[in-house]
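Okay, so here's the structure we're looking at.
Both counts, for ligands and for their atoms, begin at 1 and track the order of listing. Quick caveat, the model's predicted, so the values are computed rather than measured.
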Amino acid sequence: MKDQFGREIKYLRISVTDRCNLRCRYCIGATGIRDGSSCPDSSCLPIEQMAEIAGAAAPLGVTKVRITGGEPLMRRGVTDLVRMLADIPEITDLAMTTNGILLPEMAAELKAAGLMRVNISLDTLDPEKYRSMTRLGRLEDTLAGIQAAAKAGLAPLKINTVLIGGFNDDEIPALIDLTREEPIELRFIELMPIGAPVFQPSAYIPCSIVTERDDRLIPCGESGTARLYRVPGYAGRVGLISPLSKHFCGTCDRIRLTADGRIKPCLHSAEEIDISNLHGEALTEALCAAIYGKPAAHGILDAEHHSASVRGMDRIGG
Ligand code: SAM
């Protein structure tokens with residue numbers, strides 16, 4: 001269905017847990033410790049209820065669902081959720097965003113359950129920097145996850161790289177070289193000022209730095225929120241996603257469901273609609289109201305203007 005501004009809302013992102021096996025500094029915040037309001041699996045919506053909500057959103061026009069978190073692969077029963085979502089006929093695109101660490105053991109079962117594709121988060125190719133930014137992680141585990149996803153046929157495979165000034169801007173050409181042999185899409189994403197502020201304003205760098213740092217890139221179209229580029233002769237593509245420097249609110253087609261059962265019509269708004277106790281017609285009515293009332297835009301968002309969202313990305317999902 002359309003919202004009050006005529007945008008067709010087709011995309012539901014479901015955060016299945018707040019738990020994560022990493023503590024990325026830009027995502028979870030300065031201390032790496034969450035506030036008391038994050039929900040363990042026992043106080044998250046049951047996966048059956050998440051599937052029920054997706055089932056109610058589908059007749060309203062939702063055709064694309066992304067499972068995210070926290071780390072979605074840490075949620076017990078996530079493969080069952082994939083199976084339930086894959087059974088909803090209107091859903092033609094079923095994806096997941098993950099750090100990939102658990103994919104070597106889970107990619108094949110997820111694919112068999114009906115998961116179509118994954119976005120894997122990878123911000124650096126340097127093992128020490130990876131360890132330091134994630135506080136807990138090993139680069140080799142995420143690289144193994146990327147291989148496992150490719151082997152399982154979770155395609156097209158996308159890699160999400162958050163651009164962080166002074167951290168990974170020196171690795172732009174090396175990261176782009178990941179697309180040399182493999183048909184992957186490497187997506188550079190601007191760092192958003194959401195959650196606990198951790199970085200100096202200089203950490204926010206626009207995606208335009210990517211084409212400045214690598215003059216091999218030539219434009220090759222658009223896909224969703226990404227402007228696409230490729231290096232001639234390379235198998236994959238490079239996407240630039242600019243929520244700050246070129247925001248895409250005018251064509252935003254998403255709503256989000258948090259693990260504790262709130263709909264967020266806009267990532268950067270404080271508004272949340274509690275649907276955790278709703279079923280049947282009441283659920284459909286609440287979803288319609290949430291979609292219709294989606295705000296026009298997220299307002300100014302830059303190094304000086306912080307997101308109005310009361311939750312950080314770890315408790316919303318990317
Ligand atoms: N654990 C999963 C993962 O690592 O992909 C899914 C959840 S994570 C919150 C989803 C995405 O949000 C990741 O790609 C992460 O890099 C991105 N993200 C987190 N904080 C961000 C921020 N402040 N700005 C931009 N992207 C952010």
Roughly how far apart are [X] [atom1] and [Y] [atom2], rounded to 0.5 Å?
{"X": "T79", "Y": "L110", "atom1": "OG1", "atom2": "CG", "result": "4.5 Å"}
{"X": "I263", "Y": "L12", "atom1": "CD1", "atom2": "CG", "result": "6.0 Å"}
{"X": "L257", "Y": "E272", "atom1": "CG", "atom2": "CD", "result": "10.5 Å"}

Would you mind running through ligand 1 and noting each atom that sits below 4.0 Å from a heavy atom of [X]?
{"X": "N99", "answer": "2 (C), 3 (C), 4 (O), 5 (O)"}
{"X": "C27", "answer": "9 (C), 19 (C), 20 (N)"}
{"X": "I194", "answer": "23 (N)"}
{"X": "N160", "answer": "14 (O)"}
{"X": "T68", "answer": "6 (C), 7 (C)"}

Do any nitrogen or oxygen atoms of [X] lie less than 3.5 angstrom from nitrogen or oxygen atoms of ligand 1?
{"X": "M192", "value": "yes"}
{"X": "D314", "value": "no"}
{"X": "S121", "value": "yes"}
{"X": "G70", "value": "yes"}

Identity and distance of the protein heavy atom lying nearest [atom]:
{"atom": "atom 9 (C) of ligand 1", "answer": "M313 O, 3.4 Å"}
{"atom": "atom 11 (C) of ligand 1", "answer": "G318 CA, 3.8 Å"}
{"atom": "atom 18 (N) of ligand 1", "answer": "Y26 CE1, 3.7 Å"}
{"atom": "atom 26 (N) of ligand 1", "answer": "V162 CG2, 3.6 Å"}

Using a heavy-atom cut-off of under 4.0 Å, does the side chain or the backbone of [X] touch ligand 1, or both, or neither?
{"X": "L191", "answer": "both"}
{"X": "T97", "answer": "both"}
{"X": "N119", "answer": "neither"}

Side-chain touch [X]/[Y], heavy atoms, less than 4.5 angstrom:
{"X": "P265", "Y": "P295", "answer": "yes"}
{"X": "R254", "Y": "T225", "answer": "yes"}
{"X": "L244", "Y": "P193", "answer": "yes"}

**Request:** Check D93, L94, I88 against V65 for a side-chain contact (heavy atoms from CB on, under 4.5 Å) and give me the one that passes.
**Result:**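 Single side-chain contact (heavy atoms from CB on, under 4.5 Å) partner of V65 among D93, L94, I88: L94.
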
Over all atoms of both residues, closest heavy-atom pair of [X] and [Y]:
{"X": "P206", "Y": "E190", "answer": "CA-OE2, 3.3 Å"}
{"X": "A226", "Y": "R187", "answer": "CB-NH2, 3.6 Å"}
{"X": "T161", "Y": "L122", "answer": "OG1-O, 2.8 Å"}

**Asked** Are T179 and R237 linked by a side-chain donor-acceptor pair shorter than 3.5 Å?
**Response**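 No, no side-chain donor-acceptor pair sits under 3.5 Å.
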
**Prompt:** For atom 2 (C) of ligand 1, which candidate among E190, E71, M133, R19 provides the closest heavy atom?
**Reply:**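 When every heavy atom of E190, E71, M133, R19 is considered, E71 comes closest to atom 2 (C) of ligand 1.
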
